[in-house]
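Worksheet for the structure shown next.
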Amino acid sequence: MTTPFFPSKLPWVGTTIFTEMSALARQHQAINLSQGFPDFPCDPMLTESVARAMREGHNQYAPMPGLPTLCEEISQMVMQLYGASFDPLTEITVTSGASEALYCAVTAIVRPGDEVIVSEPAYDLYIPAIELCGGIPVRIPLSFPGYRPDWQKIRDAVSPRTRAIMINSPHNPTGAVLSAEDIRQLSSLVADTDMFIISDEVYEHIIFDGLTHHSVARYPELRERSFIVSSFGKSLHTTGWKVGYCLAPQSLTTELRKVHQFVGFSTSTPFQVGIASYLRQESEKIRGLSSFYQQKRDLFLQLMGGSRFRPIPSSGTYFQLMSYASISDEPELVFSRRLTKEYGVACIPVSVFYRHGCENQVVRFCFAKEEATLQRAAERLRQV
């Protein structure tokens, strides 16, 4: 039998770089600073809370929008952080990871021919999601090396077909953070338009040097047209649990849930029960994440001080960009593979976060690791 031929909907998409580099790290017993996950455990109180939920029988389908008790905890947390009121029943949806929430938000509003403005480098889900909906990604480069948005270029890109703009702060992969001025520019851009905002804020609790996270939730004029996406995987050190959520006005939430019910329908019940219970008792630990990860960032920078790598400032996330321009003129992917094979440290080339690549001789390291892991990695990197 012959498999019928069909044209790929994503002909330019292959296996993700995260899968490739993690596999290469395993093959060469390299220290994996590529994919963004901690190598330390989450709070034992959290795992016990989930285990207790399982023992108590919370093992069947959760309600499609999310467990009401977890949605209530999210609502209270958002109010405390940003002074924003989201109805837990009609404006908060629990999803199977932030990626699902982002995909559902795009699918809910983007129709064939719609344009969506995306700043590059961009998390690798954004553009494929837009294209799968028949939308057209309008790619605007962030400035290098500061990775700041050029609002004039963004304004020039707006057309009658512009459906939405996607923003990400703190920004993956660069660690850049939007400022109050950026928010003012965004507000001016969308005022008196029908544009939506999809705001990826999964690193909202990881921001450094006394900076403020300017969540779209803080600003009523933006909130009313926005899908705001976050993730417990980042805030609770549980990336493998895939529990995220989306905040949006009721009318937008209704459309997002229409998609969500046919993608994942609902998210793991014991995880939701356990996280809700944990947040009732230990929510202040999330507020300590910035100082926790700033210590790790500063340690990694200190340990890398004797290397030929040059850091590009990271103001948030748990990623640190490094320029290797003084080491090699190799393309970023070639250098990243060689670093893994010859020096035993895996990283991510930033060029892969651009649709058509962009070579600045910059790679991304994840510092969400034990101190000993960072010490061993830096020792090897100082030899490059």
Test of understanding: with side chain to side chain contact (heavy atoms under 4.5 Å, CB included), list the residues that count as partners of [X], not counting sequence neighbours.
{"X": "Arg287", "value": "Gln80, Leu81, Ser283, Glu284"}
{"X": "Met64", "value": "Arg257, His260, Gln261, Phe265"}
{"X": "Ser277", "value": "Ser49, Arg52, Arg280, Gln281"}
{"X": "Arg380", "value": "Ile31, Val345, Arg376"}

Side-chain touch [X]/[Y], heavy atoms, less than 4.5 angstrom:
{"X": "Ile348", "Y": "Gln35", "value": "no"}
{"X": "Leu374", "Y": "Leu303", "value": "yes"}
{"X": "Val138", "Y": "Val118", "value": "no"}
{"X": "Thr254", "Y": "Ser251", "value": "no"}
{"X": "Arg364", "Y": "Asn172", "value": "yes"}
{"X": "Trp241", "Y": "Leu46", "value": "yes"}
{"X": "Arg297", "Y": "Gln294", "value": "yes"}
{"X": "Ile109", "Y": "Phe227", "value": "yes"}

With side-chain contact (heavy atoms from CB on, under 4.5 Å) as the criterion, how do Thr93 and Leu247 come out once you've worked through the C-alpha distance, each side chain's angles and the decisive distance to 0.1 Å?
CA-CA 7 Å; Thr93 306; Leu247 315 171; over 6 Å; no
Consider only side-chain N and O atoms of [X] and [Y], and report whether a donor and an acceptor are under 3.5 Å apart.
{"X": "Gln361", "Y": "Asp329", "result": "no"}
{"X": "Gln152", "Y": "Asp156", "result": "yes"}
{"X": "Ser226", "Y": "Ser199", "result": "no"}
{"X": "Asp39", "Y": "Thr373", "result": "yes"}
{"X": "Asn32", "Y": "Ser22", "result": "yes"}
{"X": "Glu204", "Y": "Ser230", "result": "yes"}
{"X": "His214", "Y": "Tyr219", "result": "yes"}
{"X": "Thr19", "Y": "Thr16", "result": "yes"}
{"X": "Glu201", "Y": "Ser215", "result": "yes"}

Test side-chain contact (heavy atoms from CB on, under 4.5 Å) on Thr267 and Lys242 and set out the steps.
CA-CA 8 Å; Thr267 297; Lys242 297 295 289 181; over 6 Å; no
If you measure from the Lys or Arg side-chain nitrogens to the Asp or Glu carboxylate oxygens, is any gap between Asp43 and Lys285 under 4.0 Å?
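Result for this pair is yes, salt bridge flagged.
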Would you call Asp194-Arg163 a salt bridge at under 4.0 Å N-O?
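Between Arg163 and Asp194 there is no salt bridge, as every charged N stays at least 4.0 Å from the carboxylate O atoms.
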Would you please test Leu189 and Ile165 for side-chain contact (heavy atoms from CB on, under 4.5 Å) and show each step?
CA-CA 10 Å; Leu189 178 76; Ile165 179 171; 4.0 Å; yes
[X] side chain to [Y] main-chain N or O, any donor-acceptor pair under 3.5 Å?
{"X": "Ser75", "Y": "Cys71", "answer": "no"}
{"X": "Thr162", "Y": "Ala164", "answer": "no"}
{"X": "Gln27", "Y": "Ala23", "answer": "no"}
{"X": "Asp209", "Y": "Leu211", "answer": "no"}
{"X": "Ser143", "Y": "Asp150", "answer": "no"}
{"X": "Ser323", "Y": "Arg310", "answer": "no"}
{"X": "Arg225", "Y": "Thr193", "answer": "yes"}
{"X": "Thr107", "Y": "Cys104", "answer": "no"}

Would Ile228 and Val78 count as a side-chain contact (heavy atoms from CB on, under 4.5 Å) if you check the C-alpha gap in whole Å, the side-chain angles of each, and the deciding distance to 0.1 Å?
CA-CA 11 Å; Ile228 305 169; Val78 172; over 6 Å; no
After noting the C-alpha distance and the side-chain angles of Lys296 and Glu371, does the key distance pass the salt bridge (Lys or Arg N to Asp or Glu O under 4.0 Å) rule?
CA-CA 7 Å; Lys296 289 187 176 293; Glu371 181 175 324; over 6 Å; no
Show every ring-ring contact (aromatic ring centres under 6.0 Å, His included) that has at least one partner inside residues 31-75, sequence neighbours left out.
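Listed once each, the pairs are Phe40-His237, Phe40-Phe292.
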Could you list all the ring-ring contact (aromatic ring centres under 6.0 Å, His included) pairs where at least one residue sits in residues 145-188, not counting sequence neighbours?
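Output for this query lists Phe144-Tyr147.
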Point-to-point distance, once rounded to the nearest 0.5 Å, from [atom1] of [X] to [atom2] of [Y]:
{"X": "Ser119", "Y": "Ile140", "atom1": "OG", "atom2": "CD1", "result": "7.0 Å"}
{"X": "Gln295", "Y": "Gln302", "atom1": "CD", "atom2": "CD", "result": "12.0 Å"}
{"X": "Ile117", "Y": "Arg155", "atom1": "CD1", "atom2": "CZ", "result": "10.5 Å"}

According to salt bridge (charged side-chain N to carboxylate O under 4.0 Å, His left out), who are the partners of [X], at least two apart in sequence or on a separate chain?
{"X": "Glu72", "value": "none"}
{"X": "Arg26", "value": "none"}
{"X": "Glu370", "value": "none"}

Check whether Tyr203 forms a cation-pi arrangement with Lys234 (NZ or CZ under 6.0 Å from the six-membered ring centre, at most 45° off the ring normal).
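Checked: cation-pi criterion met.
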Evaluate Tyr324 against Phe309 for ring pair (Phe, Tyr, Trp, His ring centres under 6.0 Å), listing each step before the verdict.
CA-CA 5 Å; Tyr324 63 87; Phe309 289 90; 7.3 Å; no
Geometric class of the His213/Tyr82 ring pair [parallel <30°, tilted 30-60°, perpendicular >60°]
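The arrangement is perpendicular - the two ring planes meet at more than 60°.
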Using residues 121-137 as the side-chain source, report each donor-acceptor pair under 3.5 Å to any protein atom, sequence neighbours left out, with the distance given to one decimal.
unit_1 : atom_1 : unit_2 : atom_2 : d
Tyr126 : OH     : Asp200 : OD2    : 2.6
Glu131 : OE1    : Trp12  : NE1    : 2.8
Glu131 : OE2    : Arg355 : NH1    : 2.7

Just grab all the salt bridge (charged side-chain N to carboxylate O under 4.0 Å, His left out) pairs involving residues 171-181, residues at least two apart or on different chains.
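Found Glu181-Arg184.
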Less than 6.0 Å separating the ring centroids of Tyr245 and Phe232?
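Ring centroids of Tyr245 and Phe232 are less than 6.0 Å from each other.
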Residues that Ser351 engages under side-chain hydrogen bond (donor to acceptor under 3.5 Å, both in side chains), provided they are two or more places apart:
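Applying side-chain hydrogen bond (donor to acceptor under 3.5 Å, both in side chains) to Ser351 gives Glu332.
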